Amino acid sequence: MKRTHTCGALGVADTGKTVRLNGWVHRTRDHGGVHFLNLRDRYGITQVVIGEEAPEALRALAASLRMEYCIALEGVVLERPQAMKNPSMVTGEIEVSATRIEILNTSEAVPFTIDERSDARDDVRLTYRYLDLRSFSMQRKIALRHTVMQTVREYLSSLDFIEIETPTMIKSTPEGARDFLIPSRLHPGQFYAMPQSPQLYKQILMASGFDRYFQIAHCFRDEDARGDRQLEHSQIDLEMSFVGKDEVFAVIEGMMTRVFHKGLGVDLETPFPRIPYDDAMNRYGSDKPDLRFDLELQDFAAFVAGSGFGVFENALAAGGAVKALVVPGQAGFSRKQITDLEETARTYGARGLAWTKVTRDDSGSITFEGGIAKFFAPRAGDIAAALGAGEGDLLLFVADQWKVAVTALGAVRSRLGHNLKLIEEGTFRFAWIVDFPLFEYDQDEDRWTAAHHLFSMPQAQYLETLESDPGSVKGDLYDLVCNGFELASGSIRIHDPALQQRVFQIVGFDPDEARRRFGFLLEAFRYGAPPHGGIAPGLDRLVMIMAGEESIREVIAFPKTATGVSPMDSCPGPVEEKQLAELGLMLAPRNTGNGPAGGDTPGKDPEGKAPDGNDREA
RNA sequence: GGGGGUGUAGCGAAGUUGGUUAUCGCGCCGGCCUGUCAAGCCGGAGAUCGCGGGUUCGAUCCCCGUCACUCCCGCCA
């Protein structure tokens, strides 16, 4: 009984037609004489009615239907009596009076119901992901992801980009994130790595003359996952020859414009504002600021001298910074609320969060009250004026090394943005963060490392001081941020082997080592490699933001948990001794007994295996 | 590696300042019901209170350990 319509298709115009529908029993309502069922498929829900005039066999069959039975049925489309129309349903003006029902497959009682109210824990949802994905909300998000991918492919193709796949088994590059390794059977003791990105290959493709490349690429990084980070994720990876960052920005702005228009019907304003990294850090305390609310950090150094407040004075004397945040109208904050904010600041390395409240004294002049008031009250008027603060405002301060101070206060800013509901929902505030530092100093290893990656172009004005002052070198590096998330990251690349060598040297690669690791790239660049640059928007985060979600797990069909486990298929799992032997591998002894899918995992094992998980250890 | 939160029936939750019978909603099973659309009404089954250990006459509750999920710091070229 093949379907003639989907469950979201029928309307009053179809009245009188004999139709066939296929789908799942979403819900049943048995009134004894008359029986209703809601039939669901990807496209919607249609009410089916089996009246008392129906043959006894059909009524018995209808009564036996349970949630999530997969059925086919034939019936006649009827316009519902006026009072029985349901305006909250797309198909609410009609119903299908069934004449025939066939059960295609029964269903056990489902662990959770397939509707918008179902609120099962993440691990339960992931164990039964196939049921979770039946919900309209998941189907919408996965479909949105499809629309985004299609729009991207269409758009980039129209601009002469060529989609090219690159290997997923590559050479391990120790710089950067931890690699996932694949042991080689044919070369015992040797390993492939899963790519952290197609970086080297896309640069080689530029050397190959494919001057516009893209790929929706899977990237693998063996680091601890987060809500916005999975062990494997997808990037819209692209690279262009003969361009500077303006051309890259224009391509991405055009892409985002189309993607948001097609996916959400939202029209973005372009060009996106550009914010230098230093500004972003100083104003928002983050290199991925949430621009949906203001609340900017301010510099407080000018008022520290002579205040007598040792904490601030010492921070400045040590070359650090004192940053202030004006929280308008929140002088009523309790001690507890301030302590909570201080905890946030401490998480990011600050030793404390100083505060005071702006008020007026008996004479009506601006003064401070509470916290560090006594050090700054004498100049309260000047300070308030300079910070743009007024009566009833709360002032918050962090004094520390510059990066700690801005980052910690930036975290407080972000926290306040959420707590005080300063964020306008449903808005998308994009910006380019530009002029990132090229190098960072690694205290632990006592050496300079690449802040982004090794192949980004230093800006021309720093070429002479590259070796003498790496810390001040800005690169042609850029991130696209939106609503507090890093949505894309890219750079103009080095195409000159000599300059590339200098960068390698600064991060401590001697020429031999550089040649061993990246020799093929240097070699390729000796044959007329064009200037080039690119960027890679994260597909999962993009769709997550568009869907209004806070975790990329919500927009990935089969994601892993925060610990990298897939509860549905018990992955990762052990392998047989024989497989290890073929690879020339032996397991080191471990003191912990249980694997990641250990014995007391809640929920029943879908295959009814031994509940202690021993089957997985074999 | 570190810190916070959570874990009670298939699912979501309440609860016990330590007390013998652990509660509610949904789902499930049975019955009733002619217009519902989160249908309604009556009845029923279903829980080693994540797991292990300790304290106690007695632990779901307190303590220690552990596992899982989750958020955060670190990490994430």
Side-chain angles (χ1 to χ4, degrees), chain A residues 26-38 45-53 59 66-68 80-81 83-89 91-92 95 108-128 131 173-179 196-197 199-200 219-231 233 343-344 346-349 407-408 411 414-415 438-440 442 444 449-456 477 486 489 491 503 507 518 550-551 553 561-563 565 567 592-604 611-613:
Chain A
H26 189 62
R27 208 170 280 282
T28 64
R29 293 177 294 279
D30 185 353
H31 289 249
V34 63
H35 193 105
F36 299 100
L37 60 100
N38 285 353
I45 290 180
T46 297
Q47 172 164 292
V48 177
V49 61
I50 299 97
E52 65 171 351
E53 74 288 350
R59 296 178 56 191
R66 295 291 177 270
M67 283 200 292
E68 298 311 311
R80 297 195 202 179
M84 283 79 187
K85 289 185 176 178
N86 185 344
S88 64
M89 279 176 84
T91 59
E95 61 194 352
E108 290 181 27
V110 286
F112 49 84
T113 55
I114 314 301
D115 59 35
E116 308 304 311
R117 282 181 312 284
S118 181
D119 194 22
R121 288 164 55 97
D122 261 36
D123 46 337
V124 177
R125 292 177 56 198
L126 291 184
T127 301
Y128 303 95
L131 296 178
T173 56
E175 280 287 306
R178 204 174 290 117
D179 281 330
Q196 296 176 28
S197 79
Q199 184 62 33
L200 297 171
C219 304
F220 307 87
R221 296 175 189 177
D222 188 4
E223 300 289 351
D224 289 3
R226 286 287 167 75
D228 64 345
R229 242 163 59 191
Q230 286 261 309
L231 298 182
H233 71 282
E343 276 311 308
T344 299
R346 282 185 195 278
T347 304
Y348 288 80
T407 306
S414 180
R415 188 78 192 282
L438 200 60
F439 301 105
E440 272 173 356
D442 185 328
D444 297 337
T449 61
H452 181 61
H453 62 55
L454 291 162
F455 313 106
S456 297
L477 283 156
E486 178 192 313
S489 194
S491 66
V503 169
V507 300
F518 305 113
E550 291 184 351
S551 166
R553 289 188 295 271
T561 67
T563 51
V565 170
T592 55
N594 278 340
D600 51 4
T601 306
K604 71 178 171 190
D612 60 5

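These figures come from a predicted structure and were not determined experimentally. Labels below follow one simple rule: chain letters A, B, ... track the order of the sequence lines, proteins then strands, and each chain is numbered from 1.
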With a non-hydrogen cut-off below 4.0 angstrom, is A:Phe455 in contact with a base, only sugar-phosphate, or nothing?
-> nothing
Partner set under side chain to side chain contact (heavy atoms under 4.5 Å, CB included) for A:Glu550, not counting sequence neighbours | none
A:Asp123 (side chain) and B:rC69 (base): donor-acceptor pair under 3.5 Å = no
Is any side-chain N or O of A:Arg229 under 3.5 Å from a base N or O of B:rC76, one able to act as donor and the other as acceptor?
-> yes
Heavy-atom donor-acceptor pair, A:Glu95 side-chain to B:rG35 base, under 3.5 Å | yes
Could I get a table of every N or O pair under 3.5 Å where one atom is in the protein and the other is in nucleotides 25-31 of chain B?
unit_1 : atom_1 : unit_2  : atom_2 : d
B:rC29 : OP1    : A:Arg66 : NE     : 3.0
B:rC29 : OP2    : A:Arg66 : NE     : 3.3

Have a look at A:Gly32 and say if it touches a base, only the backbone sugar-phosphate, or nothing, with a 4.0 Å heavy-atom cut-off.
-> base
Heavy atoms under 4.0 Å, any strand shown: does A:Gln199 hit a base, just sugar-phosphate, or nothing?
-> base
Sorted by chain and residue number, the ring-ring contact (aromatic ring centres under 6.0 Å, His included) partners of A:His453 (sequence neighbours excluded) come out as A:Phe455
Using a cut-off of 4.0 Å on non-hydrogen atoms, how would the nucleic acid contact of A:Ser456 be classed: base, sugar-phosphate, or nothing?
-> nothing
Under 4.0 Å between any heavy atoms, over every strand shown, what does A:Glu53 touch: base, sugar-phosphate, or nothing? Just pick one.
-> nothing
Take A:Ser551 and A:Thr28, find for each the nucleotide of RNA chain B with the closest heavy atom, and name the residue whose nucleotide sits nearer the 5' end.
-> A:Thr28
Given RNA chain B, 5'-ward residue of the pair A:Arg178 and A:Ala562, judged by closest heavy atom | A:Ala562
Mind checking side chain to side chain contact (heavy atoms under 4.5 Å, CB included) for A:Tyr348 and listing every partner two or more places apart, or none if nothing turns up?
-> A:Thr407, A:Ala408, A:Ala411
A:Arg226 side-chain N/O to B:rC73 phosphate OP1/OP2 under 4.0 Å | yes
A:Arg66 side chain vs A:Ala109 backbone, donor-acceptor pair below 3.5 Å | no
Can you name the residues that form a side chain to side chain contact (heavy atoms under 4.5 Å, CB included) with A:Ser414, not counting sequence neighbours?
-> A:His418
Would you check, one step at a time, whether the test side-chain contact (heavy atoms from CB on, under 4.5 Å) holds for A:Arg80 with A:Gln47?
-> CA-CA 10 Å; A:Arg80 297 195 202 179; A:Gln47 172 164 292; 3.4 Å; yes
Provide the distance between the two P atoms, one in B:rU8 and one in B:rA47, to the nearest whole Å.
-> 14 Å
With respect to the side chain of A:Val34, which nucleotide from B:rG35, B:rU36, B:rU6 is positioned closest?
-> B:rG35
Within the structure shown, what part of the strands sits under 4.0 Å from A:Arg553 by heavy-atom distance: base, sugar-phosphate, or nothing?
-> sugar-phosphate
Which protein N or O atoms sit under 3.5 Å from an N or O of nucleotides 40-46 of chain B?
none

Hey, does the side chain of A:His31 come within less than 4.0 Å of B:rC33's phosphate (OP1/OP2), counting only N and O?
-> no
Which is true for A:Gly349 with a 4.0 Å heavy-atom rule: it touches a base, it touches only sugar-phosphate, or it touches nothing?
-> nothing
